[in-house]
Participant: 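Quick one: structure below, then a few questions.
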2 protein chains.
Amino acid sequence: MKLGEGVEAAIHCAAMLAGVDGDATISGAAMAEAFGLSPSYLLKHLNMLSAARILESVSGPAGGYRLARPAERITLLDIVLAVEGREPAFRCGEIRRNGPVRLDASAYVKLCGINVAMLKAERAYRAALAEAKLSDIVAEYMTDADPRSVAAGCAFVARHQRPRKSSSTKQA
Amino acid sequence: MKLGEGVEAAIHCAAMLAGVDGDATISGAAMAEAFGLSPSYLLKHLNMLSAARILESVSGPAGGYRLARPAERITLLDIVLAVEGREPAFRCGEIRRNGPVRLDASAYVKLCGINVAMLKAERAYRAALAEAKLSDIVAEYMTDADPRSVAAGCAFVARHQRPRKSSSTKQA
DNA sequence: GACACTGTACTCGGATACGGATTGTCCGAGTCTAAACGG
DNA sequence: CCGTTTAGACTCGGACAATCCGTATCCGAGTACAGTGTC
């Protein structure tokens, strides 16, 4: 029962990318600097998000990452599953049939009740995560967080997003 | 997002122990044999359940394990937390304040919104697990599972529970 | 014959190695930019 | 002066080690039972 710490980085990066203009990108190195992470390692997780069609990556000097679809259509569940894998946390090893009392497979057509209960709990977990849209996260951050933190974050994305839209509106 | 396989073993053992008489016990070796597990390793998890006051252990030739309280008052959450640890799966590393823009701590009095969302999901997970009582698991097993499996299980506990209540009622 | 003592066998409990997964890092493939050269 | 070429630098992407946690195992502490000797 432990999530890798890459999940936190992935969500933070996705939230930051939700604040850039439609086509602009932010490089992985910039985001690594923003959160004090190892650039090479952060790329690994961003890569998984790209493979899951959550982010788009563009190469080249002006390259970087951007959201593959609007933040309203990205949930925390998408990110968590992309980074941690889609298989459930509880994997029933069917140890009930490993004992000395060997019955044939017809006795185990029904799922293990323990497995059912655990999977039900995990469905609740995923449902709660599926209701948390990325747009809600950033909206809540904009209104609730400390204004200094919001200003610093917006300034950071405005400074690092490329191509630099100096004439466009500085949104967060 | 992965649970150790010891959780499955712990729940199965607890369910088996729910079927013994009030004071009778089953040895760890017997349960390891019942599920085809390594005896020495199963002891480790049973030990954690004992430390969490879910099981009681008695030493000696007629020793073993038994439930510390009625199965109605034991939930899957208790077992999972005892084996996997009580700390939440998502641990916020506060990477938001690791960046180059260093604000003082007063800017971070509010919890990270991402952390809030993840903890909310985990509360849902634990709530679902807290509603699954061990007595429900065994009751469902008695009624729904294959009769051959139920009979074999009851025979196993009747054969291995100690002190052997040969004259008492052979319940499951 | 009954009681107390001692030895034994069986149990749990904690300390000790091993393997795999996660974490962290490096170098190569691809691409856009920008300068330099020629017309 | 303008178009083309070419070199450069910056980006992502995958392949390669180090470290930590989960897995597996062994040996020691403790206890109830059984046998034996004595009263």
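Note on naming: letters A, B, ... go to the chains in the order of the sequence lines (proteins, then strands), and numbering restarts at 1 for each one. These values consider heavy atoms only, across backbone and side chains, with no hydrogens, waters or symmetry-generated copies. What you are looking at is a predicted structure, and each value in this text was computed from that prediction instead of being measured.
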Participant: Can you confirm whether A/V20 sits close enough to A/T25 that some side-chain heavy atom of one is under 4.5 Å from a side-chain heavy atom of the other?
Facilitator: no
Participant: Ignoring backbone atoms, establish whether B/R162 has a side-chain N or O less than 4.0 Å from OP1 or OP2 of C/dT11.
Facilitator: yes
Participant: Quick one: what's the B/S/- string for nucleotides 20-33 of chain D, heavy-atom cutoff under 4.0 Å, read 5' to 3'?
Facilitator: -S-BBBB---BBB-
Participant: With A/E72, which residues qualify under side chain to side chain contact (heavy atoms under 4.5 Å, CB included), at least two apart?
Facilitator: A/P70, A/S135
Participant: Is A/S57 close enough to D/dG13 that one of its side-chain N or O atoms is under 4.0 Å from OP1 or OP2 there?
Facilitator: yes
Participant: B/L43 CG to C/dT11 P: how many Å, rounded?
Facilitator: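 After rounding, the gap between these two atoms is 10 Å.
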Participant: Only counting residues at least two apart or in another chain, list the ones meeting side chain to side chain contact (heavy atoms under 4.5 Å, CB included) with B/R148.
Facilitator: A/L103, A/D104, A/S106, A/A107, B/D146
Participant: Provide, to the nearest angstrom, the distance between the CD atom belonging to B/E56 and the P atom belonging to C/dT11.
Facilitator: 19 Å
Participant: Among all residues two or more places apart in sequence or in another chain, which pass the side chain to side chain contact (heavy atoms under 4.5 Å, CB included) test with A/L43?
Facilitator: A/Y65
Participant: Got a sec, which residues hit ring pair (Phe, Tyr, Trp, His ring centres under 6.0 Å) with A/Y41, two or more places apart in sequence or on another chain?
Facilitator: A/H45
Participant: With respect to the phosphate group of D/dG14, does any side-chain polar atom (N or O) of A/N47 fall under 4.0 Å of OP1 or OP2?
Facilitator: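 True: A/N47 side-chain N/O within range (under 4.0 Å) of D/dG14 OP1/OP2.
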Participant: Between atom CZ in B/R66 and atom P in C/dC12, what is the gap in whole Å?
Facilitator: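 Interatomic distance, CZ of B/R66 to P of C/dC12: 12 Å.
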Participant: Rounded to whole Å, please give me the gap between CD in B/E33 and P in C/dT11.
Facilitator: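 It is 12 Å, rounded to the nearest whole Å.
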Participant: Residues two or more places apart in sequence or in another chain: which of them pass ring pair (Phe, Tyr, Trp, His ring centres under 6.0 Å) with B/F90?
Facilitator: none
Participant: Round to a whole Å and report the spacing from CD1 of A/I26 to C1' of D/dC12.
Facilitator: 16 Å
